[in-house]
Amino acid sequence: MAEVTLYHWEPNANSGKPMLALMEKGVAFDSHYIDMLNFEQHRPEYLAINPQGTIPAMTYGDRVLVESTAIMEYVNEQFAGPDLMPGDARDRWRIRWWMKFMDQWLAPSFSMFGWKYFVGPNALAAHGQEKIEAQIARIPLPERQTAWRKAVFGLFSEAEMAESGRRIAVGIEMLERELGKREWLASDHYSLADVNGFNLAYALPLSQPHLSNDDLTPNIMRWLRAIYRRPATQACWKLGRTPMASRVAILEQDYIPPRAEAEGIVSGVR
Amino acid sequence: MSTILYHGEPNGPSLAVLAALGESGLDIECQPIDLLAGERHRLPGVTEPVARDMGVEGEGPVLVIDGEAMTESVFIAQYLDETGANTLQPRDAYAHWQMLMWCRRITERCAPAAAFLGCKAQAHAVLSAMDETPWGDVLAAIASEDLRGRWSAVRTGDFPEAPLTDSANKVADAVAMVEQQLADGRDWLMGDLTVADFETYGWLAGMPALLPAAFAASPRTAAWLDRVRTRPSVQAALARAATVNPEAAWAPGPEINRWG
Ligand SMILES: N[C@@H](CCC(=O)N[C@@H](CS)C(=O)NCC(=O)O)C(=O)O
């Protein structure tokens with residue numbers, strides 16, 4: 001049995017960050033899939049590990065680590081293997097800046113769409129209203145209760161969705177410009193910023209086909225395909241079990257043309 | 001290499017970075033700017049503005065190196081530490097994770113709350129007294145739409161009851177967290193002095209004046225605030241103040257979490 005155990009959902013967003021970082025480092029770990037749509041993250045077995053009832057969490061010996069980006073930094077510092085932070089201090093600053101920007105400004109906007117169009121409806125279809133109410137009442141963090149309630153009962157306001165949509169468009173433009181400056185995001189080295197960013201952006205040409213494609217964002221597309229081809233990425237996305245993770249296969253196409261905004265919503269998770 | 005640190009009054013994130021600079025031993029030119037006059041958005045010689053324009057922190061300090069604007073006080077502090085004396089971050093990976101988690105807890109939950117309360121108490125009066133023309137110039141210089149919205153809310157005095165209560169609770173939570181952390185008699189939050197002490201101090205230093213009750217039953221926190229304040233690096237930072245009471249100086253900060 002490996003010494004490291006990772007509790008994660010799909011290779012996607014916060015769960016995917018430490019998964020891919022561990023795989024890039026070549027650290028063997030026990031993968032413990034938590035079925036988020038089945039509320040496994042709120043079961044007593046898991047709450048004993050992370051009382052907040054959020055994923056991901058990682059254990060190493062008797063230590064428990066949470067918070068996806070901080071886990072990645074820990075993994076990079078603790079274990080041997082390729083360094084996922086460059087030697088130059090200003091590059092490291094830029095990488096940290098981009099990770100915070102993505103984690104706290106951009107990703108929550110993406111996830112508002114993901115929760116509204118995928119997580120909420122799927123969970124509701126699987127469990128029905130009554131059971132879901134009871135599940136939500138058991139969630140330890142008040143902000144996660146709010147998120148579930150809004151997602152399941154379609155309570156995100158128009159203003160909230162519009163603001164998230166605006167941020168997604170701004171964020172895509174920023175990423176495109178940044179990736180025009182260097183080979184990788186925020187530095188000339190493949191780093192934690194790329195691992196983080198790929199988890200946020202891998203499905204862009206499918207979910208935002210009017211904003212991200214080979215005509216409009218060639219740098220983003222070059223970058224996504226380069227990360228997609230890495231053996232660690234291939235191994236990581238094999239751990240996915242839902243249609244969410246399988247969206248990554250779009251990166252096998254050599255040319256992705258612009259499509260209408262509506263097609264992004266139909267395609268599953270926007 | 002041309003390097004200048006632009007900072008506001010030594011409070012909040014500006015104080016944290018000035019103190020980290022002091023500890024780093026680096027000799028870097030410091031330029032005070034008037035945050036509430038919008039000077040942060042009109043810095044000379046910035047050729048790479050994205051971090052200044054879109055940073056999550058709001059009106060924090062800006063370190064400009066060869067035209068690149070660097071922001072987010074924790075990361076600037078890490079940069080200064082790593083380029084200089086390298087004493088402010090734990091060597092052990094797990095202890096380093098703990099420090100990062102602590103800082104994130106402060107920047108994500110306490111900082112938006114402190115800035116909200118501080119802006120109501122101080123920045124609102126300054127911005128609401130501003131004439132339309134300079135105000136228009138300030139708004140026009142701010143690139144980020146949501147940051148612009150936070151400025152406007154401070155000028156008009158849009159401080160609803162719910163976020164005020166929530167903010168007071170979050171500051172009280174941060175004080176409780178500090179009190180708890182110091183329970184084993186340690187001098188500094190992480191054991192050794194780290195970036196976390198300065199980041200936490202920056203956001204909390206002005207809070208006893210606004211929320212005395214939150215500090216009433218926290219003697220260890222009071223002693224720690226004194227310890228940080230009397231640190232030579234913090235004294236040197238405070239000596240840069242242009243006003244008598246820099247702890248009362250605020251500017252629009254990070255946004256309060258949109259997910260509630
Ligand atoms: N900031 C945390 C966020 C963790 C988090 O909230 N994860 C979500 C999934 S991405 C979760 O656990 N949701 C479970 C729930 O809401 O029940 C991180 O990056 O690890």
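Proteins come first, then strands; the chains are lettered A, B, ... in the order of their sequence lines, and each starts at number 1.
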Query raised in the report: Is chain A contacted by the side chain of B:Leu63, its backbone, both, or neither, given a heavy-atom distance below 4.5 Å?
Result: neither
Query raised in the report: With B:Tyr94, which of A:Glu77, A:Gln78, A:Arg63 fulfils side chain to side chain contact (heavy atoms under 4.5 Å, CB included)?
Result: A:Arg63
Report task. Taking salt bridge (charged side-chain N to carboxylate O under 4.0 Å, His left out) as the test, write out the residues that go with B:Arg40, two or more places apart. Result -> none
Query raised in the report: Excluding sequence neighbours, so at least two apart, what forms side-chain contact (heavy atoms from CB on, under 4.5 Å) with A:Ser164?
Result: A:Ser109, A:Met112, A:Phe113, B:Arg258
Query raised in the report: So which of B:Leu100, B:Thr71, B:Thr83 has the largest heavy-atom pair count under 4.5 angstrom toward chain A?
Result: B:Thr71
**Report entry** Portion of A:Arg96 that has a non-hydrogen atom of chain B nearer than 4.5 angstrom
**Finding:** both
Report task. Let me know if A:Glu163 has heavy atoms under 4.5 Å from chain B in its side chain, its backbone, both or neither. Result -> both
Query - Salt-bridge criterion met for B:Glu48 and A:Arg177 (N-O under 4.0 Å) - result: no
Query - Whether over 12 other heavy atoms sit under 6.0 Å from B:Asp192 CG - result: no
Requested in this report: Measure the shortest side-chain to side-chain distance between A:Glu73 and B:Trp97 over non-hydrogen atoms and say whether it is less than 4.5 angstrom.
Outcome: no
Query - Heavy-atom side-chain contact between B:Val74 and A:Lys100 under 4.5 Å - result: no
Query raised in the report: Above 12 or not: heavy atoms from other molecules or residues under 6.0 Å from CG of B:Asp27?
Result: no
Query raised in the report: Do you know which of A:Trp98, A:Tyr60, A:Trp97 has the most heavy-atom pairs with chain B at a distance under 4.5 angstrom?
Result: A:Trp97
Report task. Could you walk me through whether A:Glu143 and B:Arg109 pass the salt bridge (Lys or Arg N to Asp or Glu O under 4.0 Å) test, one step at a time? Result -> CA-CA 12 Å; A:Glu143 55 260 42; B:Arg109 298 180 77 87; 3.1 Å; yes
Report task. Please look at B:Met101 and chain A and tell me whether the side chain, the backbone, both or neither of the residue comes under 4.5 angstrom of a heavy atom of that chain. Result -> side chain
Query - Note, A:Phe101 side chain near B:Val50 side chain (heavy atom, < 4.5 Å) - result: no
Query raised in the report: Can you say whether B:Asp81 sits under 4.5 Å from chain A via the side chain, the backbone, both, or neither, judging by heavy atoms?
Result: neither
Query raised in the report: Does A:Glu67 pair with B:Arg104 as a salt bridge, N-O distance under 4.0 Å?
Result: yes
**Report entry** Top contributor to chain B contacts, counting heavy-atom pairs under 4.5 Å, from A:Arg166, A:Lys181, A:Glu160
**Finding:** A:Arg166
Query raised in the report: What are the two closest heavy atoms between A:Trp93 and B:Ala69, and how far apart are they?
Result: CH2-O, 3.6 Å
Query raised in the report: So, do B:Glu145 and A:Val170 sit near enough that their side-chain heavy atoms are less than 4.5 Å apart?
Result: no
Requested in this report: Salt-bridge test for B:Glu255 and A:Arg167: reply yes if a basic N is under 4.0 Å from a carboxylate O, no otherwise.
Outcome: yes
Query raised in the report: What distance separates B:Asn257 CG from A:Gln104 CD, expressed to the nearest 0.5 Å?
Result: 8.5 Å
Requested in this report: Apply side chain to side chain contact (heavy atoms under 4.5 Å, CB included) to the pair A:Arg90 and B:Tyr79, showing each step before the final yes or no.
Outcome: CA-CA 7 Å; A:Arg90 182 135 66 112; B:Tyr79 169 81; 4.0 Å; yes
Query raised in the report: Would you call A:Arg94 and B:Met70 a side-chain contact if the rule is heavy atoms closer than 4.5 Å?
Result: no
Query raised in the report: Any side-chain heavy atom of A:Trp105 within less than 4.5 Å of one from B:Met54?
Result: yes
